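Got a structure for you, written out below as structure tokens; questions coming shortly.
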Amino acid sequence: MTVKKLVQGALIGALYAVLTLAAAPISYGLMQVRISEALSVLPYFTAAAVPGLFVGCIVANLLGGAALYDVIFGSLATLLAAFLTRWFKKHGFSKWLAPLPAVLVNAVIVGALMCLVYMPGEVTFFAGAAYVGAGQAIACYGLGMPLMYVLERYGNKLFRSEA
């Protein structure tokens, strides 16, 4: 790994954590709209975003007071979604699908955490997945796609020579 990629990953992780914590009232809970999830499109541009998003999510969950299961499985959901987004890029999928892994993976995994850890007996898995998925869609498509367009237009120096 080059120094440039290491710095990119560290900056992405720090930005993810800061954005999540800065918007804490809407970043946690059943209907969570993590503004930081807009960054979930970054693996489409650079492999450095994969570990960066993972570490950023761990930090945000730890500092945000998430349950241990959420720190572990919520962060692993972010890692899996980042890998899938990178895989989509490598295999020529449409850029419109770049935010989809973050929406679906988090809906399933964090939705399960909502019904099993945070609100057992109060919310079903399907309700938890629907609420988390809706929040993810707002962040990933509503904020992530505009970010993607800006980066496609102006971010070529940041991610030059990325495949």
Side-chain angles (χ1 to χ4, degrees), residues 8-46 48-86 88 95-152 154-155 158:
Q8 281 179 347
L11 287 173
I12 291 166
L15 187 58
Y16 184 99
V18 166
L19 287 172
T20 302
L21 295 167
I26 62 170
S27 296
Y28 302 95
L30 183 59
M31 179 62 167
Q32 52 185 263
V33 180
R34 285 192 175 187
I35 294 168
S36 55
E37 285 293 316
L39 303 176
S40 68
V41 300
L42 294 181
Y44 192 83
F45 297 98
T46 177
V50 175
L53 291 170
F54 176 58
V55 172
C57 188
I58 290 171
V59 170
N61 285 342
L62 281 170
L63 296 178
L68 181 60
Y69 287 113
D70 197 358
V71 173
I72 295 167
F73 294 107
S75 301
L76 287 172
T78 297
L79 179 63
L80 175 59
F83 271 122
L84 288 172
T85 301
R86 189 71 184 156
F88 278 19
K95 67 181 171 193
W96 286 99
L97 295 178
L100 190 60
V103 173
L104 296 179
V105 170
N106 281 290
V108 171
I109 294 174
V110 178
L113 289 167
M114 288 298 159
C115 84
L116 297 172
V117 176
Y118 289 106
M119 307 173 91
E122 294 178 45
V123 67
T124 66
F125 166 74
F126 294 107
Y131 275 105
V132 172
Q136 284 291 117
I138 291 168
C140 297
Y141 277 97
L143 301 172
M145 287 306 295
L147 174 63
M148 183 173 246
Y149 283 111
V150 168
L151 290 174
E152 283 181 325
Y154 302 107
L158 291 172

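Predicted, not measured: the structure shown is a model, and the values here were computed from it.
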- Task: Heavy atoms only: give me the nearest V105-A81 pair and the separation to one decimal.
- Result: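 Result for this residue pair: CB-CB, 4.2 Å.
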
- Message: Can you confirm whether F83 is buried at CZ, in the sense that more than 12 heavy atoms of other residues, nucleotides or ligands lie under 6.0 Å from that atom?
- Response: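 Counting other residues, nucleotides and ligands, CZ of F83 stays at 12 neighbours or fewer.
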
- Item | Atom of P99, atom of V41 and distance for their closest heavy-atom approach |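 Nearest pair, atom of P99 first, then V41: CG-CG1, 3.9 Å.
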
- Query: Between S40 and P43, which heavy-atom pair has the shortest distance, and what is it?
  - Reply: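 Result for this residue pair: O-CD, 3.2 Å.
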
- Item | Distance, nearest 0.5 Å, that separates CZ of R86 from CG of L42 |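 Rounded to the nearest 0.5 Å, the CZ-CG separation comes to 11.0 Å.
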
- Which heavy-atom pair separates S27 from Q32 by the least distance, and what is that distance?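 Smallest heavy-atom distance, with atoms named: O-CB, 3.5 Å.
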
Between side-chain atoms of residues 131-141 and protein atoms elsewhere (two or more places apart, or another chain), which donor-acceptor pairs fall under 3.5 Å?
from, atom 1, to, atom 2, distance (Å)
Q136, NE2, E37, OE1, 3.1
Q136, NE2, A102, O, 3.0
Y141, OH, W96, O, 2.8

- Message: With a 3.5 Å distance limit and no angle check, can you tell me whether S36 reaches the backbone of L19 through a side-chain donor-acceptor pair?
- Response: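 Flag not set: sc S36 to bb L19 has no pair under 3.5 Å.
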
Which pairs of donor and acceptor atoms, one on a side chain in residues 110-129, lie under 3.5 Å apart (sequence neighbours left out)?
from, atom 1, to, atom 2, distance (Å)
Y118, OH, A67, N, 2.9
Y118, OH, D70, OD2, 2.9
T124, OG1, A127, N, 3.1

- Kindly indicate whether the side chain of K95, heavy atoms from C-beta on, has any atom under 4.5 Å from the side chain of Y44.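 Yes, their side chains come closer than 4.5 Å.
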
- Message: Is any side-chain heavy atom of L100 closer than 4.5 Å to one of T85?
- Response: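 A side-chain contact is absent here, since even the closest heavy-atom pair is not under 4.5 Å.
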
- Task: Please check if any side-chain donor atom of Q8 sits under 3.5 Å from a side-chain acceptor atom of T46, or the reverse.
- Result: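 Present: a donor and an acceptor within the cut-off.
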
- Answer yes or no: is there a side-chain heavy-atom contact under 4.5 Å between N106 and T78?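 Touching, per the 4.5 Å side-chain cut-off.
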
- Item | Pair V108-L104, side chain to side chain contact (heavy atoms under 4.5 Å, CB included): steps then yes or no | CA-CA 6 Å; V108 171; L104 296 179; 5.7 Å; no

- Does some side-chain heavy atom of L79 sit less than 4.5 Å from a side-chain heavy atom of L53?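 No, their side chains stay 4.5 Å or more apart.
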
- Message: Could you check whether any side-chain heavy atom of T20 comes within less than 4.5 Å of a side-chain heavy atom of N61, counting everything from C-beta outward?
- Response: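 Answer no - side chains too far apart.
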
- Could you tell me whether R34 sits above the aromatic face of Y16, with NZ or CZ closer than 6.0 angstrom to the six-membered ring centre and within 45 degrees of the axis?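 No cation-pi geometry.
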
- Message: To check you understand the geometry: which heavy-atom pair defines the closest contact between A60 and L21, and what is its length?
- Response: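 Result for this residue pair: O-CD2, 3.9 Å.
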
- Message: Show the nearest heavy-atom pair for residues P51 and A48, with the distance to one decimal.
- Response: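 The answer is CD-O, 3.4 Å.
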
